[in-house]
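A short write-up of the structure that comes next.
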Amino acid sequence: MTRIDPARVRAHRSEPVLQSYDHRTTILYALGVGAGSDPEDQKFVYEKNLLTLPSQSVIMARERFWLHDPEYGIDVTKLLHGEQSVQIHKPLPAAGTIRGQLTVEALHDKGEGRGALLVMKREITDADSGDAIATVRITSFLRANGGFGGQNDPVAEPRPIPQRPAEMVVTSATTAEQALLYRLCGDDNPIHVDHEVARKAGFPNPILHGLCTYGVACRAVVQAVCGNDPERMKRFDVRFSRPVYPGDQIVTEIWTEEGGKAAHFRCWVPKRQEMVLNNGYAEISAS
């Protein structure tokens with residue numbers, strides 16, 4: 001077990017990251033999460049009146065990877081991306097300059113041999129006006145770093161899936177080259193393209209990026225619950241369960257609540273009967 005330095009982890013604050021981007025970045029992201037085959041997708045893949053998918057904010061203005069720095073004592077070989085959330089304050093522009101800065105929101109010790117939860121928060125703002133655009137939260141499961149004791153920050157419990165049949169089901173295709181396309185959005189981890197690296201990590205083949213699956217699910221909920229209007233999506237949370245492989249079909253089951261102002265969802269890969277995203281929750285504004 002690696003001994004974590006909880007005080008140093010909690011104090012981490014990234015340098016501000018400025019990102020300037022144009023319509024090509026936005027279109028590439030939409031294509032990377034499977035948009036483009038449906039005529040209704042034109043608003044996401046054509047620069048005329050271009051709109052962003054709500055999930056795009058999670059890949060923008062990202063800081064350098066810091067968890068592997070020895071000073072923090074985190075064993076990154078045992079680290080898992082557990083949950084992902086985005087709270088949207090205003091739509092991400094299709095082109096512009098934004099600012100991102102990450103802080104640590106919570107560090108929760110589950111106990112010796114049980115790991116720890118690390119919640120990081122990235123605030124994204126408009127670089128010129130300072131207006132808040134999105135709050136991105138990333139929860140990582142530090143499997144080798146439990147048992148440090150002391151202060152224990154509270155973490156949110158996952159939202160339960162309703163115990164009734166789903167109201168809506170959306171089937172989304174991924175392609176054999178999906179990971180090759182999505183990695184151009186900024187995540188070039190070789191586990192998504194290199195067969196040898198994937199096998200060493202315990203997978204038979206390269207896996208699809210978790211945030212790509214996140215984007216596929218977001219697009220499905222935008223279609224089914226938001227009338228394909230991305231600006232109605234105000235929050236989108238998921239828990240990662242199992243990997244998806246390029247070429248898998250993803251089935252998203254959706255339940256609405258609060259008169260359509262909220263939705264619960266989960267995603268399956270029917271071929272393997274595996275749940276790949278669970279405890280999904282979205283907040284929706286009125287049309």
Side-chain angles (χ1 to χ4, degrees), residues 23 26-27 29-30 33-61 83-96 98 100 121-126 129-138 156-172 211 213-239 250-267 277-287:
H23 67 277
T26 296
I27 292 172
Y29 176 79
V33 299
S37 60
D38 189 321
E40 290 292 316
D41 289 339
Q42 179 168 298
K43 65 183 74 175
F44 305 122
V45 296
Y46 177 35
E47 58 270 24
K48 183 180 179 181
N49 302 318
L50 182 64
L51 297 176
T52 57
L53 284 163
S55 52
Q56 184 177 329
S57 290
V58 304
I59 69 161
M60 303 298 285
E83 299 176 15
Q84 183 71 50
S85 168
V86 63
Q87 182 179 359
I88 298 160
H89 309 297
K90 63 183 294 186
L92 179 72
I98 57 175
K121 179 176 70 174
R122 183 187 306 123
E123 297 286 3
I124 297 177
T125 58
D126 184 281
S129 68
D131 290 347
I133 293 174
T135 299
V136 177
R137 287 181 173 87
I138 309 106
E157 291 294 324
R159 304 214 184 222
I161 294 294
Q163 298 299 304
R164 62 179 190 271
E167 298 164 29
M168 291 164 275
V169 177
V170 179
T171 300
S172 306
L211 287 182
T213 305
Y214 179 87
V216 171
C218 184
R219 178 169 162 259
V221 175
V222 166
Q223 289 175 319
V225 184
C226 302
N228 214 36
D229 179 358
E231 297 187 358
R232 292 182 58 198
M233 180 78 73
K234 300 303 177 186
R235 187 181 187 100
F236 196 75
D237 302 354
V238 304
R239 172 174 280 198
I250 299 172
V251 173
T252 305
E253 299 176 318
I254 305 168
W255 296 257
T256 57
E257 292 189 342
E258 301 177 30
K261 294 181 181 178
H264 298 271
F265 63 94
R266 63 187 177 192
C267 295
L277 297 182
N278 199 7
N279 303 106
Y281 177 76
E283 292 178 359
I284 315 295
S285 68
S287 56

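Small disclaimer: the values here were computed from a predicted structure and weren't measured. Start at 1 with the first residue, then count along the sequence.
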Check your understanding: Is there a side-chain contact between Ile133 and Pro93 (heavy atoms, below 4.5 Å)?
Key -> yes
**Study point:** Check: Pro165 main-chain N/O paired with Glu167 side-chain donor or acceptor under 3.5 Å
**Key:** no
Check your understanding: Between OG1 of Thr256 and CD1 of Ile254, what distance do you get to the nearest 0.5 Å?
Key -> 9.0 Å
Check your understanding: Below 4.5 Å, heavy atoms only, C-beta onward: do Asn279 and Glu83 meet side chain to side chain?
Key -> no
Point to revise | side-chain contact (heavy atoms from CB on, under 4.5 Å) assessment of Gln56 paired with Val86 | key: CA-CA 10 Å; Gln56 184 177 329; Val86 63; over 6 Å; no
Check your understanding: About how many Å separate CD1 of Ile161 and CD of Glu253, when rounded to the nearest 0.5 Å?
Key -> 8.5 Å
Check your understanding: Looking only at heavy atoms, what is the nearest atom pair of Leu51 and Thr26, with distance?
Key -> O-CG2, 3.9 Å
Check your understanding: Any luck finding a side-chain donor-acceptor pair between Thr52 and Tyr29 under 3.5 Å?
Key -> no
Study note, to complete from the structure: Interatomic distance, CG@Asn278 vs CZ@Phe265, rounded to 0.5 Å, equals 10.0 Å
**Study point:** Pairwise distance CD(Glu257) to CD1(Ile284) - rounded to 0.5 angstrom
**Key:** 12.0 Å
**Study point:** Rounded distance (nearest 0.5 Å) linking atom CE of Met60 with atom CD1 of Ile98
**Key:** 4.0 Å
Check your understanding: Checking side chain to side chain contact (heavy atoms under 4.5 Å, CB included) against Leu277, which of Val238, Thr252, Ile250 comes through?
Key -> Val238
Review point. What are the two closest non-hydrogen atoms of Ile88 and Pro91, and how far apart are they?
Key: CG2-N, 4.3 Å
Could you pull out every donor-acceptor pair under 3.5 Å between side chains of residues 229-237 and any protein atom, sequence neighbours left out?
from: Asp229; atom 1: OD1; to: Glu231; atom 2: N; distance (Å): 3.1
from: Arg232; atom 1: NE; to: Ser285; atom 2: O; distance (Å): 2.9
from: Arg232; atom 1: NH1; to: Cys226; atom 2: O; distance (Å): 3.3
from: Arg232; atom 1: NH2; to: Ser285; atom 2: O; distance (Å): 3.2
from: Lys234; atom 1: NZ; to: Glu231; atom 2: O; distance (Å): 3.2
from: Arg235; atom 1: NE; to: Asp237; atom 2: OD1; distance (Å): 3.3
from: Arg235; atom 1: NE; to: Asp237; atom 2: OD2; distance (Å): 2.9
from: Asp237; atom 1: OD1; to: Ser85; atom 2: OG; distance (Å): 2.6

Exercise for review: Flag the pair Lys48 / Gln42 as yes when at least one side-chain heavy-atom distance between them is below 4.5 Å, and no otherwise.
Suggested key: no
Revision key, fill the gap. Closest heavy-atom pair, Ser57 versus Ile124, reported as atoms and distance to 0.1 Å, is O-CD1, 3.2 Å
Review point. Closest approach of Pro158 and Arg239, non-hydrogen atoms and distance?
Key: CG-NH2, 3.5 Å
Study note, to complete from the structure: So NE2 of His23 and OH of Tyr46: to nearest 0.5 Å the spacing works out to 10.5 Å
Exercise for review: Could you check Asn228 against Phe44 for side-chain contact (heavy atoms from CB on, under 4.5 Å), going step by step and ending with a plain yes or no?
Suggested key: CA-CA 10 Å; Asn228 214 36; Phe44 305 122; 4.0 Å; yes
Exercise for review: Taking all heavy atoms of Val45 and all of Ala30, pick out the closest pair and write down the distance.
Suggested key: CG1-CB, 4.0 Å
Practice item. State, with a plain yes or no, whether a side-chain heavy atom of Thr135 is found less than 4.5 Å away from one of Glu123. Key: yes
**Study point:** Polar side-chain atom of Trp255 near backbone of Arg164 as donor-acceptor pair, under 3.5 Å
**Key:** yes
Review point. Hey, are the side chains of Gln84 and Ile138 touching, using non-hydrogen atoms and a 4.5 Å cut-off?
Key: yes
